[in-house]
Participant: 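Please read through the structure below; I'll follow up with questions.
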There are 2 protein chains.
Amino acid sequence: MSNRRKNELVDPKEVPKAVVSRLSLYLRELQHLRLNESTVSSGTLGQKLGFSDAQVRRDLAYFGHFGQPGVGYRIDELIDAIRRILGTDRKWRVAMVGVGNLGRALLGYRGFSSQGFTIVAAFDVDSSKVGRLVEGVQVYSLGELELVVREKQIELGLLAVPGKNAQQAADRLVQAGVSGILNFAPVTLNLPDNVSHIGVDLATELEQLCFSVANRTPED
Amino acid sequence: MSNRRKNELVDPKEVPKAVVSRLSLYLRELQHLRLNESTVSSGTLGQKLGFSDAQVRRDLAYFGHFGQPGVGYRIDELIDAIRRILGTDRKWRVAMVGVGNLGRALLGYRGFSSQGFTIVAAFDVDSSKVGRLVEGVQVYSLGELELVVREKQIELGLLAVPGKNAQQAADRLVQAGVSGILNFAPVTLNLPDNVSHIGVDLATELEQLCFSVANRTPED
DNA sequence: GTTTGTGAAACCTTTCACAGCG
DNA sequence: CGCTGTGAAAGGTTTCACAAAC
């Protein structure tokens, strides 16, 4: 047996990045399974997501001994554990930068709040939007960004501005002290190492789909 | 030297998936660089994206000999080559399923059309939306999905419906004959192997960001 | 019986380092 | 010179297969 106690975390640096991305998928699936079952085996969980049973067990074993031989994993317990690992076992305060089509849609998206994220302010250059509530969120001018981010202790930024303005807006978020940025603009941001960022480029995702459609073997 | 001639493609099955995802990023960066330069080295291109020079060269070499020693890569030529590889050197006809917040935002997103994707129809259950134009796209009832997809020869579907309706809507797209689905609903779809699909879960992305913020080493 | 956790093997991806080309 | 393309090495990830646990 490992010298790690149950639920004790390993150094996150030795956890493969691919494992972390699957953790979110496990969490999502477990939240559905919880409605009907109280335990699940690695085989069943893997099957729902298209992974092997061995992969599920290996992934979870990075973080502790969550399973019971002959039984499987207790769903509630595993959900709590994964949320602790991901850091979503508490609320995160988030800012939206850019209240165009996409920004507005994201402000109204219920999936964020259900996972512990609260959008507490939005920013836009368009003065006709400033001062209004959009999807229940107050819109401020970009000039107020630093002040509001500090005042409301915002930790994460969602960036939904046009590509040409994205780097500048990101710099301001960094300046204001956020710890992470989720970037929807189709550009690669250049940021200091002490700020995490992830890019989500919708056109890029569609290109990947395209490739896989165009290169499918005929007999598939 | 390889026995592959310039621009000749290898069997796509032997190309790592990670390489394909970087191809989209190379393309995006090259489209910016083209405005100021006519050639670029692997080092420069890699630096913009945070990849090593060796990785850029290795990735591109899967598909042919695009570079010139001592000079680098001709940007226009490389853009054309990557578009051919991804399959975006032609127009793709796309349907939007779900015209809620996110669906509407995606209908108005200019980034799709600039990369060769044309949204030619939208579908929604809400009868107050059916028959209207949203962002210039005609909205049909879900009942018309199969007919319209066939008539307009739609190849790809964007799925932006609530999670509980996603599998059913995806089944209908498959039934209607689409080749690929980009799924924004927070569920894992179960689809036949002859239909490609990619999931984009916005809450999941935010969780990944969270993890990387929460687990950053103090001295970073 | 079922299912976990994990060494060991297999497989996959990135980096190194340099011959060879322009 | 500078830069590519690529063998070989290093590093990372997944699968196999089975002893141990229930």
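Everything numeric here is computed off the predicted structure, so don't read it as measured data.
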Participant: Between D:dT13, D:dA8, D:dG5, which one does the side chain of B:H65 approach most closely?
Facilitator: D:dG5
Participant: Can you measure A:D59 atom CG to D:dG12 atom P for me and round it to whole angstrom units?
Facilitator: 17 Å
Participant: Please check if the side chain of A:R83 supplies one atom and the backbone of A:T88 the other of a donor-acceptor pair under 3.5 Å.
Facilitator: yes
Participant: Apply side chain to side chain contact (heavy atoms under 4.5 Å, CB included) to A:R150 and list each qualifying residue two or more places apart in sequence or on a separate chain.
Facilitator: A:E146
Participant: Looking only at atom types and distance, does a side-chain atom of A:E135 sit under 3.5 Å from a main-chain N or O of A:R104, one as donor and one as acceptor?
Facilitator: no
Participant: Give a yes or no on whether a donor-acceptor pair under 3.5 Å exists between the nucleobase atoms of D:dT15, that is its base, and the side chain of A:R58.
Facilitator: yes
Participant: Measure from OH on A:Y62 to P on C:dT4 and round the result to the nearest Å.
Facilitator: 17 Å
Participant: So if I take residues 35-57 of chain A and measure heavy-atom distances to DNA chain C, which residues fall below 4.0 Å?
Facilitator: A:S41, A:S42, A:R57
Participant: Rounded to whole Å, how long is the line connecting atom CZ of A:F63 with atom P of C:dG5?
Facilitator: 13 Å
Participant: May I ask you to verify if any side-chain N or O of B:R22 is less than 4.0 angstrom from the OP1 or OP2 atom of C:dT14?
Facilitator: yes
Participant: Hydrogens and angles aside, do B:D171 and B:Q167 bring a side-chain donor and acceptor to less than 3.5 Å of each other?
Facilitator: yes
Participant: Protein-nucleotides 20-22 of chain D N/O pairs closer than 3.5 Å?
Facilitator:
| residue | atom | partner | partner atom | Å |
| --- | --- | --- | --- | --- |
| D:dC22 | O4' | A:P69 | O | 3.3 |

Participant: Using the test ring pair (Phe, Tyr, Trp, His ring centres under 6.0 Å), find all partners of B:F123 that sit at least two apart in sequence or belong to another chain.
Facilitator: B:Y140
Participant: For C:dG5, does OP1 or OP2 lie under 4.0 Å from any side-chain N or O of A:Y73?
Facilitator: yes
Participant: Could you measure the distance from the CG atom of B:L23 to the CG atom of B:L27? Nearest 0.5 Å is fine.
Facilitator: 8.0 Å
Participant: For A:S179, check side chain to side chain contact (heavy atoms under 4.5 Å, CB included) against everything at least two apart and list the hits.
Facilitator: B:V213, B:R216
Participant: Round to the nearest Å and state the distance from B:K17 atom NZ to C:dT14 atom C1'.
Facilitator: 18 Å
Participant: Donor-acceptor pair, distance only, cut-off 3.5 Å: does the side chain of B:D53 make one with the backbone of B:R57?
Facilitator: no
Participant: Among pairs that include at least one residue of residues 35-49 of chain A, which meet salt bridge (Lys or Arg N to Asp or Glu O under 4.0 Å), considering only residues two or more places apart or in two chains?
Facilitator: none
